[in-house]
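Treat the numbers as computed from the prediction; the structure is a model and nothing was measured. Residue numbers count from 1 along this sequence.
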Amino acid sequence: MTPVEVIQGDGPVVLGQPHGGTWLPGDVLARLNDRGRALADTDWHIGRLYDGVLPGVTIVRATFHRYLIDANRNPSGASLYPGQNTTGLVPVTDFDGRPIWAEEPLGEEIEARRKAFHAPYHAALAAELDRVKARYGYAILWDCHSIRSHIPHLFSGTLPALNVGTNGGTTCAAALERRVAEACRTSDYTSVLNGRFKGGWTTRHYGRPAEGLHAIQMETAQSAYLETEAPPWTYSEAKTTKLRPLFARILTDLAAWRPSDG
């Protein structure tokens, strides 16, 4: 299994999709417990949600599941949210805080997974951002994520439908952040800027606006595009008929932006 798929476009926007894959090696799948094998923390149908919303967009997507290794975590293992519940580079629990392994992976195995899966994904993503930047002088990474809207172990209450993360405004030009936040605020969806999800390792690592690299994370509540937030995680055509045009408008606006616009 190739750890990463790349669809090259000719525009300035790159879509990162680190959590949509469901593939696991047989030996790894066998070591998960029943709860782990449910793969509940997948960004279900994230590729389908975004496919075709922006002509000319580049897509970099991981094919492997985040339980193998999480491509949106610091490869050093450092926590994204110190002091808050979260999952690690190789998760040992699901988002509900419950164990997912019958036999947990050890240090040497984690490092082997990092080299075989995490590193190739980011090598491909970095290469595409460099290619786009070489053409335009800048590149915009839109990191695509989704999550259940009710997960008490991670956050209280109900998550807004649209969660925009720029790590407190540090990962992209202020004008880009304003455009995205305003489009979400004036939509029919609840939204928040830099709330519980401020941008994962990908957004924070690549977002260097002074160098012409702009990164924004969109964490979409699965209630906004799935029939229900439970197995079999069915994609909702009715809901996405409304959501996809909003994403198309936002991404088209980002693609039209130029650094001279401020």
Side-chain angles (χ1 to χ4, degrees), residues 3-21 43 46-47 50 53-54 56-64 66 69-81 86-89 114-115 117-147 163-181 193-195 197-220 247 250-251 253-255 257-259:
V4 57
E5 296 177 345
V6 176
I7 301 171
Q8 287 191 338
D10 57 6
V13 178
V14 176
L15 302 184
Q17 298 177 356
H19 292 154
D43 288 10
I46 198 73
Y50 279 96
V53 297
L54 179 64
V57 74
T58 293
I59 302 172
V60 180
R61 56 171 61 120
T63 60
F64 55 92
R66 67 191 304 161
I69 193 161
D70 192 328
N72 196 38
R73 294 294 183 269
N74 191 320
S76 73
S79 176
L80 290 173
Y81 297 99
T86 187
T87 52
L89 182 61
R114 186 194 67 77
K115 291 179 178 178
F117 298 96
H118 190 286
Y121 174 79
H122 283 284
L125 183 56
E128 291 308 306
L129 289 169
D130 287 346
R131 179 183 65 84
V132 169
K133 184 184 174 186
R135 176 170 181 173
Y136 288 93
Y138 65 96
I140 301 171
L141 171 62
W142 181 265
D143 209 34
C144 312
H145 295 267
S146 74
I147 193 169
N163 301 265
V164 181
T166 64
N167 198 28
T170 63
T171 64
C172 69
L176 290 176
E177 182 188 71
R178 285 195 300 271
R179 289 183 181 210
V180 175
L193 173 63
N194 292 312
F197 298 98
K198 295 176 172 60
W201 185 77
T202 302
T203 302
R204 302 180 198 191
H205 178 68
Y206 294 103
R208 301 188 296 275
E211 301 174 28
L213 291 172
H214 307 270
I216 301 169
Q217 177 173 304
M218 173 59 77
E219 187 88 50
T220 305
F247 283 166
I250 292 172
L251 292 172
D253 191 32
L254 295 186
W257 175 84
R258 298 294 181 269

Participant: If I take atom CG from residue Asn72 and atom CG from residue Leu89, how far apart are they, to the nearest 0.5 angstrom?
Facilitator: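 Between atom CG of Asn72 and atom CG of Leu89 there are 11.0 Å.
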
Participant: Give me the atom names and distance for the closest heavy-atom approach of Pro120 to Val4.
Facilitator: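 Where Pro120 meets Val4 most closely, the heavy atoms are O-CG1, 3.9 Å.
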
Participant: Looking at Asn167 and Lys198, would you say the former's side chain and the latter's main chain have a donor-acceptor pair under 3.5 Å?
Facilitator: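 Side chain of Asn167 to backbone of Lys198: no pair is present.
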
Participant: Go through the structure and list residues passing side chain to side chain donor-acceptor pair (under 3.5 Å) with Arg73, not counting sequence neighbours.
Facilitator: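 By the side chain to side chain donor-acceptor pair (under 3.5 Å) rule, Arg73 matches Thr87.
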
Participant: Any side-chain to backbone donor/acceptor pair from His122 onto Ala71? Under 3.5 Å, distance only.
Facilitator: yes

Participant: May I have the step-by-step check of side chain to side chain contact (heavy atoms under 4.5 Å, CB included) for Ile46 and Arg61, ending in yes or no?
Facilitator: CA-CA 10 Å; Ile46 198 73; Arg61 56 171 61 120; over 6 Å; no

Participant: Is the side chain of Tyr121 donor-acceptor paired with the backbone N or O of Gln17 at a distance under 3.5 Å, no angle test?
Facilitator: yes

Participant: Say you draw a straight line from CG of Leu176 to CD1 of Ile140; how long is it, rounded to the nearest 0.5 Å?
Facilitator: 5.0 Å

Participant: Return the orientation label for the Trp201 and His205 ring planes: parallel under 30°, perpendicular over 60°, tilted otherwise.
Facilitator: parallel

Participant: How far does CZ of Phe117 sit from OG1 of Thr63, to the nearest 0.5 angstrom?
Facilitator: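 Here the interatomic distance stands at 7.5 Å.
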
Participant: Before you tell me yes or no, could you show the steps for Leu15 and Leu54 under side chain to side chain contact (heavy atoms under 4.5 Å, CB included), namely the whole-Å CA-CA distance, both residues' side-chain angles and the distance that decides it to 0.1 Å?
Facilitator: CA-CA 10 Å; Leu15 302 184; Leu54 179 64; 6.0 Å; no

Participant: Answer yes or no: is there a side-chain heavy-atom contact under 4.5 Å between Asn74 and Arg204?
Facilitator: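 No, side chains not in contact.
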
Participant: With a 3.5 Å cut-off and no angle check, do the side chains of Asp70 and His19 form a donor-acceptor pair?
Facilitator: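 Short answer, yes.
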
Participant: Looking only at heavy atoms, which two atoms of Leu141 and Gly16 are closest? And how far apart?
Facilitator: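 Looks like CD1-N, 3.8 Å.
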
Participant: Within a strict 4.5 Å, meaning less than it, do heavy atoms of the Asp143 and Pro18 side chains meet?
Facilitator: yes

Participant: Ignoring hydrogens and geometry, is there a side-chain-to-backbone donor-acceptor pair from Glu219 to Gly165 under 3.5 Å?
Facilitator: no

Participant: Angle class for the His214/Trp257 ring planes (parallel below 30°, perpendicular above 60°, tilted otherwise)?
Facilitator: perpendicular

Participant: Of all heavy-atom pairs between Tyr206 and Ala215, which one has the smallest distance, and what is that distance?
Facilitator: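 Heavy atoms of Tyr206 and Ala215 come nearest at C-CB, 4.4 Å.
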
Participant: For the residue pair Tyr50 and Trp142, categorise the inter-ring angle as parallel (less than 30°), tilted (30 to 60°) or perpendicular (more than 60°).
Facilitator: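 Judged by the thresholds at 30° and 60°, the geometry between Tyr50 and Trp142 is perpendicular.
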
Participant: Is there a donor in the side chain of Tyr138 and an acceptor in the side chain of Arg258, or the other way round, less than 3.5 Å apart?
Facilitator: yes

Participant: Checking Glu128 now: which residues fulfil salt bridge (Lys or Arg N to Asp or Glu O under 4.0 Å) with it, not counting sequence neighbours?
Facilitator: Arg131

Participant: From Ile69 CD1 over to Lys115 NZ, what is the distance, rounded to the nearest 0.5 angstrom?
Facilitator: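 If I round to the nearest 0.5 Å, the distance is 11.5 Å.
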
Participant: Rounded at 0.5 Å granularity, tell me how far CG in Asn194 sits from CG in Asn163.
Facilitator: 10.5 Å

Participant: Could you report the tightest heavy-atom contact between Leu213 and Lys133, atom names first, then the distance?
Facilitator: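 Looking at all heavy atoms of both residues, the shortest contact is CD2-CD, 4.2 Å.
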
Participant: Using every non-hydrogen atom in the two residues, find where Arg114 and Pro75 come nearest and quote the distance to one decimal.
Facilitator: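 Shortest heavy-atom separation between Arg114 and Pro75 comes out as CD-CB, 3.8 Å.
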
Participant: How long is the gap from SG on Cys172 to CD on Gln217, to the nearest 0.5 Å?
Facilitator: 12.0 Å

Participant: Any donor-acceptor pair under 3.5 Å linking the side chain of Thr166 with the backbone of Thr171?
Facilitator: no

Participant: Could you tell me which non-hydrogen atom of Pro209 sits nearest to which non-hydrogen atom of Ala173, and how far apart they are?
Facilitator: CB-N, 3.9 Å

